K.L.:
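Take this structure first; my questions come after.
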Amino acid sequence: MVTLKDYEGGPTAWCPGCGNFSILLAVKRALVEMNLEPYQVLIVSGIGQAGKLPHYMRCNTLNALHGRAVPEAIGAKLANHELKVIAVGGDGDGYGEGGNHFMHAILRNIDITYIVHNNQIYGLTKGQASPTSDKGFVTKTTPEGVISLPFNPLALAISLGATFVSRGFAGEVDHLVELIKKAMQHKGFALVDVLQPCVTFNKLNTWEWYRKRVYKLEGTDYDHTNRLTAFQKALEWGDRIPIGIIYKSDRLTFDEQLPTLKKGPLVKQKIDPLACEKILDEFM
Amino acid sequence: MVTLKDYEGGPTAWCPGCGNFSILLAVKRALVEMNLEPYQVLIVSGIGQAGKLPHYMRCNTLNALHGRAVPEAIGAKLANHELKVIAVGGDGDGYGEGGNHFMHAILRNIDITYIVHNNQIYGLTKGQASPTSDKGFVTKTTPEGVISLPFNPLALAISLGATFVSRGFAGEVDHLVELIKKAMQHKGFALVDVLQPCVTFNKLNTWEWYRKRVYKLEGTDYDHTNRLTAFQKALEWGDRIPIGIIYKSDRLTFDEQLPTLKKGPLVKQKIDPLACEKILDEFM
Amino acid sequence: MTIDFTFKIGGEAGQGLQSIGYALSKAFAKGGLYVFLNQDYESRIRGGHTFVQVRVRNEPVYTLSEEVNMLIALNKETIDLHKTELVKGGAIIFDGEKIPIKAEDNCYSVPLEKLALEKGGSKIMINTVATGAAMGMLDYDFNLLADVLSEEFGRKGKDVVESNVKAARAGYDYAKENYRGKYDFTIRPLGSSKRMFLNGSEAIATGAIVAGCKFMAGYPMTPTSLILEFFASKARDYNLVFVQSEDELAAINMVIGAGYAGVRAMTATAGDGFALMVEGLGQAGMTETPIVAVVGQRPGPAVGLPTRTSQADLLFMIGAGNDEFPRAVFTPSTIEDAFWLTIKAFNIAEKYQIPVIILIDQHLADSYRTVDRFDLSKVKIERGEMLSEEQIKAMGPYNYKRHQFTESGVSPRAIPGTPGCLVVTDADEHNEEGHIIEDAETRTKMVLKRLRKFEGVKKEIEPPKIYGPEDAKITLIGWGSTYGAIREAVDTLRKDGIDVNMLYINVVWPFPKDEVSLVLSKAEMSFVIENNATGQLAYLIKSETGREVNEKILKFDGRPFSPTHIVKEVKKKVKG
Amino acid sequence: MTIDFTFKIGGEAGQGLQSIGYALSKAFAKGGLYVFLNQDYESRIRGGHTFVQVRVRNEPVYTLSEEVNMLIALNKETIDLHKTELVKGGAIIFDGEKIPIKAEDNCYSVPLEKLALEKGGSKIMINTVATGAAMGMLDYDFNLLADVLSEEFGRKGKDVVESNVKAARAGYDYAKENYRGKYDFTIRPLGSSKRMFLNGSEAIATGAIVAGCKFMAGYPMTPTSLILEFFASKARDYNLVFVQSEDELAAINMVIGAGYAGVRAMTATAGDGFALMVEGLGQAGMTETPIVAVVGQRPGPAVGLPTRTSQADLLFMIGAGNDEFPRAVFTPSTIEDAFWLTIKAFNIAEKYQIPVIILIDQHLADSYRTVDRFDLSKVKIERGEMLSEEQIKAMGPYNYKRHQFTESGVSPRAIPGTPGCLVVTDADEHNEEGHIIEDAETRTKMVLKRLRKFEGVKKEIEPPKIYGPEDAKITLIGWGSTYGAIREAVDTLRKDGIDVNMLYINVVWPFPKDEVSLVLSKAEMSFVIENNATGQLAYLIKSETGREVNEKILKFDGRPFSPTHIVKEVKKKVKG
Ligand SMILES: Cc1ncc(C[n+]2csc(CCOP(=O)(O)OP(=O)(O)O)c2C)c(N)n1
Ligand SMILES: Cc1ncc(C[n+]2csc(CCOP(=O)(O)OP(=O)(O)O)c2C)c(N)n1
Ligand code: SF4
Ligand code: SF4
Ligand SMILES: [Mg+2]
Ligand SMILES: [Mg+2]
């Protein structure tokens with residue numbers, strides 16, 4: 001039996017009170033509850049506070065470049081689709097620098113889980129606006145307040161045909177554990193956007209701010225299989241903020257559609273130069 | 001009076017029968033009908049067949065890098081917001097390489113018009129799949145057919161809060177002229193995605209294929225001010241493909257929200273080192 | 001009899017010049033002749049002006065020739081532009097019914113369109129008719145051409161093959177009946193060949209597959225799109241995965257992910273596309289992930305001349321990336337070199353856990369040559385230190401350290417997913433376990449560990465080769481695709497009594513400092529020959545050896561060197 | 001009396017060490033003293049270990065000192081780690097109620113937390129109390145500290161100012177009352193200063209605004225985020241536009257768009273972020289668009305040590321981008337240099353229509369120094385050939401050619417939107433009008449035109465400066481932020497009888513070949529001193545001049561050089 005101890009990592013460098021601790025705990029708990037051994041799991045992370053997550057636990061870890069966790073995760077997954085691959089990063093990381101990869105990963109429906117620590121701020125670089133910062137939010141780079149609309153990852157994901165779109169909250173760990181488990185069980189690209197208070201730099205979207213607004217979709221009569229109502233739900237932001245699975249559907253994954261992978265992971269395929277004579281024949 | 005002759009450019013390098021010719025004509029006609037002089041207009045283009053458009057007419061032209069037409073257009077617009085700025089590119093250019101900029105330009109609602117020649121293929125590089133290629137489409141890089149979902153620029157734009165989202169068709173030039181004019185008159189980021197047959201490399205989505213499916217929203221009772229039905233409309237693709245304005249709304253543009261620009265274009269601001277003494281005072 | 005015969009096939013893009021050139025070449029290759037084919041095309045799909053050159057010899061051929069023996073003109077512009085390149089007695093084949101010119105003596109009109117319609121049933125056959133006509137003019141064995149057409153169109157069904165053969169035959173017969181006698185040059189098969197005919201892109205893509213590259217991600221870009229396309233086309237049969245990525249950043253990072261996971265992985269792009277991969281290159285350097293990147297040079301800066309050739313990215317490749325990390329840069333000179341160096345690239349990448357760049361150019365990527373069949377039994381796969389499940393077990397549970405300090409700097413790899421070990425790495429500076437650190441001591445040791453690997457790489461590199469006598473007075477120095485042109489220039493110059501040899505550098509990094517220095521110390525005079533405007537190899541030689549090359553022959557108009565051009569330039573300096 | 005006094009303020013991130021250091025520094029600066037402040041911090045926001053050093057002198061100061069006179073310890077770790085750095089008689093200030101250590105003679109406990117709560121009303125005031133205590137120990141003029149606090153907290157209202165002053169006073173009085181007498185070192189104001197106190201980032205951002213830079217786009221990245229933030233904060237008052245872009249690719253391309261439109265524009269990033277701007281750099285080169293990019297070096301490769309210093313991107317900057325195009329790379333050495341070279345960067349960028357890189361590092365970006373107020377009347381704005389509306393008119397309608405061939409290679413610019421002209425340019429190779437071309441002749445001419453501009457740039461560059469006697473036997477060579485440390489090392493070495501000078505290169509490209517060669521030819525022995533592992537400047541010197549530097553003093557652990565370190569290393573080689 002796998003236990004939380006198996007996932008215990010080194011000391012963290014996050015601020016006391018940061019929402020990241022809860023997310024770290026939720027990830028570990030989800031893995032334990034799924035009875036996965038650390039060696040079966042690969043976490044690919046970006047750069048930022050969120051990106052440090054795998055260093056604070058135990059599993060295979062590829063701490064990628066800022067914004068590039070998703071493509072590195074895709075490469076690793078396609079090379080060895082027996083690995084359970086999770087990509088982790090921040091809102092700046094995933095929706096700013098990595099925005100293009102995010103979109104195209106959705107279109108491909110690669111079978112990975114993507115957890116975004118969405119604190120609506122650039123934490124590690126000390127408090128600049130992020131793509132998800134609310135309008136009017138004053139930060140070091142927006143002294144007059146943010147004037148762009150905040151990036152809505154859920155609506156975007158639904159618009160592009162994502163098959164698993166969800167939102168969690170660092171303040172609801174049990175709920176988050178379930179979300180992460182469901183995301184990992186889902187076949188295809190699964191987004192878990194997690195509202196994460198940054199106690200140091202985001203004095204607007206605080207624990208309190210979120211707690212007051214957040215409500216769980218589970219238990220309501222919300223139907224997460226209808227794309228249109230899901231889209232509507234994804235737009236909800238303000239007094240009430242839904243958490244839970246916003247949208248879920250089924251569609252073949254990228255990996256499933258590759259004939260090659262039916263024969264087993266690429267990494268286990270033999271290298272055999274002599275099997276290539278036929279290619280040379282074509283040039284004769 | 002400005003005439004089409006004012007916009008007449010050099011010889012083109014497109015294939016005979018290509019949909020790009022109609023788009024070129026529509027752009028010129030729209031500018032003429034808006035009575036804009038070539039010197040008032042800046043076209044920033046990407047790299048690809050579509051990106052060559054400004055070379056085949058007469059106007060200020062910044063032929064940017066592949067995928068970077070939008071940021072270069074943004075920079076130029078903010079430097080001189082009296083210019084009428086159009087960004088032009090292909091589907092690979094704008095939705096593949098430039099996907100991240102596309103998203104963030106929508107969030108900012110910068111006042112530029114973005115025309116995408118969407119031929120669902122990489123034309124200039126001779127026929128690889130593009131982000132908008134239909135599933136199953138066999139191309140040089142997808143010998144077994146495309147396995148990703150096609151990128152839906154309209155749905156995506158609506159999901160991110162774009163204020164002008166439209167689709168034209170190279171086979172409907174009059175309609176396209178009107179669209180482009182409306183897009184240019186619109187304050188904010190205006191998307192004109194144009195279905196453009198590539199007669200050489202796209203043997204699936206041909207003139208005929210489009211003609212059979214395309215229908216105009218103008219004249220129907222479609223209401224392009226409702227975001228939810230617009231989203232639904234944007235998802236329509238297959239037997240029937242709507243063209244026209246899919247969604248339109250109003251929201252302050254990025255440029256309007258910058259206090260600096262109220263004092264006139266940056267490019268006309270004087271450079272006066274001595275006016276900066278106050279900054280030095282702060283260091284004393 | 002000596003055969004050295006060049007066809008130039010000109011017309012507009014979209015007229016199928018390439019298929020004429022290819023069919024001719026293949027037919028000659030099948031007849032045991034040696035063939036070199038190069039292409040000149042614009043960044044457009046239809047119209048404009050484009051040409052293909054096919055050079056046929058009875059001896060090995062390495063490069064193009066400026067002297068044209070037969071001009072196959074599919075439009076008038078071709079005649080206007082290239083007439084003067086014809087040697088004395090050179091022929092022009094054209095369709096007199098379509099191109100109204102004052103036919104001179106050497107102009108042989110063939111009713112291409114008429115025959116295409118009559119015999120092939122479609123205008124598309126014009127190029128097949130032209131191919132046949134050229135063969136007829138030379139009285140070459142028609143059956144060999146028919147074989148080629150069968151192979152080419154076999155997939156499309158019997159009917160297509162038949163109408164093509166008919167069209168070719170019509171051209172063949174027309175030319176033979178009307179012009180043999182008047183035109184008397186002949187090419188005959190030398191015997192049945194066992195040679196391949198392929199271009200640089202195909203050689204690299206094949207090399208990658210042979211080397212066990214299982215994963216490729218890339219974003220299309222001239223001149224390396226064909227590498228991606230070729231690899232993609234073989235995915236089903238050879239258990240490969242190809243991903244067309246959304247951009248170049250995704251491509252290199254996917255490749256890093258795959259390399260991390262233990263698979264040989266590659267990307268291909270142009271110099272301008274590589275500009276978007278520079279951060280990823282550093283990531284491979286930092287995480288010690290083996291990757292191979294093919295970079296095809298074309299003139300720049302930025303987009304430049306997308307379909308033309310260049311050698312101006314040499315220093316860029318060596319210096320790209322923030323901070324310092326070992327890498328290798330291979331610059332294959334020929335089709336054979338492209339194939340074998342690709343295999344070596346994977347070996348070096350894995351043994352030293354570094355990124356390896358294969359730097360080619362449009363001329364090498366797009367030019368075809370007849371080469372001896374690659375002997376696959378000679379292929380060596382060296383994956384470096386890669387721990388087996390048993391070895392991991394023997395280490396004790398979770399004792400594995402991805403970035404362990406070692407004398408060689410190389411830390412054994414393990415496959416993520418192996419029970420009992422975790423593979424941890426980081427774009428940040430890290431400790432032996434792969435976890436992020438801040439302290440000065442670990443940092444210093446890690447930098448030195450990474451740099452130490454370069455000493456190993458250096459030992460793997462074969463010294464550059466000399467063509468011609470070791471002790472020649474004059475040395476011509478080149479790298480990359482200019483090999484053929486310089487080699488032939490050496491032959492010509494020596495025949496003309498100029499004592500010259502060639503030093504050829506196909507691995508520019510690690511730079512073969514001592515060998516180059518030695519050669520330069522012996523030569524009385526030295527030239528670099530490069531497709532760039534500043535002489536980058538000359539600069540690198542100076543940086544590395546402290547020695548100045550005497551003269552530079554530079555060309556940066558996007559067109560490849562010809563031997564004649566080099567001969568002329570060398571003579572200017574040597575005589576002057 | 002000579003004053004050379006170093007404070008080291010240590011603790012965890014988030015404890016406000018920087019504000020202690022800054023307040024101390026400012027108070028000394030106001031008293032006419034010379035101050036240098038440098039920071040050492042980890043890539044985290046709270047916790048870990050971090051420190052600030054403040055060095056105060058009665059003479060100009062250019063660098064840090066390794067000898068600490070007063071350690072202000074906000075936690076125990078600081079004492080453990082840095083105790084040994086104290087000079088004889090050096091003091092430790094700490095809160096004995098919170099940090100239970102065996103107090104030795106030089107340990108001066110101040111109840112920081114207690115006083116903060118009692119007098120300031122909040123724990124936040126701990127650092128203000130500490131600042132006061134340090135001043136009290138030294139019997140410095142309290143009013144100057146009170147002034148600083150008023151300025152700092154003025155925006156936050158009177159109450160905040162008052163409680164801060166009270167807290168500081170409490171610390172001041174406590175220290176003075178309890179320890180003066182026992183501790184007898186004193187610092188007194190030298191007179192009222194007219195000096196500024198700022199860091200490299202502020203100098204560059206200010207330089208940009210002064211130079212008329214109106215547009216900045218950037219993506220945050222240590223160590224240059226402050227440049228972006230400073231610029232953004234001045235947008236309203238100085239009519240600027242700042243855009244935080246979605247990534248670095250957008251940043252540089254926005255800047256190119258703005259530069260094209262006729263506005264001075266800039267971006268700032270780190271070496272790793274610049275790796276994503278390489279294609280854009282080429283685009284600026286190709287379209288001849290003036291842009292300025294600040295690149296702040298930190299250890300790599302890839303993400304490396306994000307908050308530390310490095311000088312390992314020198315060759316990367318010079319070689320970045322496919323194909324060849326002129327650029328300039330400035331490597332400012334001091335705060336003053338950073339300011340003036342930024343202004344020059346804009347002038348050169350516009351006069352020659354090229355990209356200019358300002359290459360700094362974390363140490364220069366984050367370190368503060370007292371400097372004489374910049375004389376803004378000396379600022380020259382040179383925009384190069386920029387056609388007015390009248391000149392355009394005089395040319396006749398639509399006769400303007402953006403890329404006109406000229407002798408200098410520079411084609412006059414016009415502002416898009418000017419009636420009667422069109423400004424056309426292209427990332428592809430183009431003709432004089434700016435339209436895309438394919439032909440070899442235009443291509444060749446355009447390449448040469450672009451490269452010709454470099455000759456003009458070369459003439460603009462001031463020769464590198466020598467510090468110390470011109471004809472010294474030993475020359476220490478540096479670039480960038482090491483100026484101060486090397487300069488002081490020269491002073492020390494000369495005092496110790498070693499005949500040494502310093503050659504300082506603050507423009508590395510175009511490289512001042514002749515001047516460096518001359519200096520090296522005169523020196524009997526030469527050293528490069530660089531924050532990298534391979535000696536990149538030494539390599540560049542060899543490449544450019546053919547001369548080998550004798551010795552390298554290298555350091556690549558992310559920490560800046562100290563003069564002592566350099567002195568020691570030089571002596572090792574000189575004596576040995
Ligand atoms: C290419 C690149 N650009 C910029 C940075 C600097 N950087 C590090 S983390 C970060 C953003 C952090 O914000 P986010 O992704 O939201 O993560 P958080 O710290 O808030 O968890 C940035 C801009 C970088 N490391 N690499
Ligand atoms: C950075 C970069 N990557 C790749 C290319 C090569 N390239 C030129 S055009 C093009 C795509 C063309 O497709 P699209 O954008 O749809 O335009 P189209 O030709 O179909 O109009 C590509 C990949 C490039 N020029 N730059
Ligand atoms: S800065 Fe914000 S996100 Fe980062 S660790 Fe601190 S609280 Fe968490
Ligand atoms: S390749 Fe396609 S898109 Fe390009 S010009 Fe030809 S038809 Fe048009
Ligand atoms: Mg964040
Ligand atoms: Mg396209």
Side-chain angles (χ1 to χ4, degrees), chain B residues 9-10 13 37-40 42 44-45 47 51-52 54-55 58-80 82-83 100-101 103-104 107-108 254 258-261 263 265-267 269-280 282-284, chain D residues 194-198 202 206 209-212 214-215 217 234-241 243 245-247 249-251 253-265 279-280 283 287 373-374 376-377 379 381 398 415-428 434-436:
Chain B
E37 296 269 4
Y39 77 83
Q40 299 174 301
L42 166 61
V44 184
S45 68
I47 296 292
K52 292 183 179 170
H55 290 296
R58 286 179 69 249
C59 60
N60 292 296
T61 298
L62 173 54
N63 193 338
L65 295 167
H66 184 59
R68 315 297 163 206
V70 167
E72 294 200 13
I74 290 174
K77 179 74 187 181
L78 293 176
N80 185 357
E82 284 175 356
L83 284 174
N100 207 25
H101 313 311
M103 290 201 296
H104 290 272
L107 297 172
R108 291 190 189 100
F254 195 82
L258 292 171
T260 301
L261 298 191
K263 304 171 197 159
L266 284 186
V267 72
Q269 308 270 358
K270 281 259 142 41
I271 294 181
D272 181 5
L274 293 173
C276 301
E277 292 286 359
K278 262 206 192 140
I279 302 182
L280 305 192
E282 291 175 31
F283 301 126
M284 301 296 284
Chain D
K194 287 256 180 303
R195 257 168 245 122
M196 303 189 298
F197 183 66
L198 75 171
E202 290 168 339
T206 304
I209 298 170
V210 166
K214 299 284 178 204
F215 182 83
K234 300 286 176 253
R236 185 180 278 273
D237 292 345
Y238 295 88
N239 296 339
L240 318 171
V241 169
V243 180
S245 56
E246 55 274 27
D247 56 26
L249 298 102
N253 281 287
M254 285 180 189
V255 164
I256 290 167
Y260 161 85
V263 154
R264 290 192 157 189
E279 200 200 10
Q283 165 73 341
T287 58
R373 189 176 170 112
F374 305 138
L376 298 186
S377 71
V379 172
I381 305 293
Y398 297 107
I415 304 283
T418 310
C421 85
L422 298 176
V423 183
V424 178
T425 191
D426 190 358
D428 298 281
H435 285 298
I436 184 169

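All chains are named by letter (A, B, ...) in the order of the sequence lines, taking the proteins before the strands, and each is independently numbered beginning at 1. Heavy-atom basis, side chains included; hydrogens, waters and symmetry copies ignored. Keep in mind the model is a prediction, meaning the values are calculated, not measured.
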K.L.:
Find the one option among Arg58(B), Glu37(B), Gln40(B), Lys278(B) whose heavy-atom pairs under 4.5 Å with chain D are most numerous.
P.N.:
Arg58(B)

K.L.:
Side chain, backbone, both or neither: which part of Leu42(B) has a heavy atom under 4.5 Å from chain D?
P.N.:
side chain

K.L.:
Would you mind reporting whether Val44(B) and Tyr260(D) have side-chain heavy atoms less than 4.5 Å apart?
P.N.:
no

K.L.:
In Å and rounded to the nearest 0.5 Å, what is the NZ to CG distance from Lys52(B) to Asp428(D)?
P.N.:
7.5 Å

K.L.:
Between Cys276(B) and Thr206(D), is any pair of side-chain heavy atoms under 4.5 Å apart?
P.N.:
no

K.L.:
Is the closest side-chain heavy-atom distance between Pro38(B) and Leu422(D) below 4.5 Å?
P.N.:
yes

K.L.:
Determine whether the side chains of Asn100(B) and Glu246(D) contain a donor N or O and an acceptor N or O closer than 3.5 Å.
P.N.:
no

K.L.:
Please examine the side chains of Arg68(B) and Ile256(D), heavy atoms only from C-beta on, and report whether any two atoms are closer than 4.5 Å.
P.N.:
no

K.L.:
Is the closest side-chain heavy-atom distance between Arg264(D) and Ile271(B) below 4.5 Å?
P.N.:
yes

K.L.:
Side-chain contact, heavy-atom cut-off 4.5 Å: Asn63(B) with His435(D)?
P.N.:
no

K.L.:
Hey, does the side chain of Asn253(D) reach the backbone of Glu72(B) with a donor-acceptor pair shorter than 3.5 angstrom?
P.N.:
no

K.L.:
Heavy atoms only, distances under 4.5 angstrom: which of Thr260(B), Ile74(B), Thr61(B) has the most pairs with chain D? Name it, please.
P.N.:
Thr61(B)

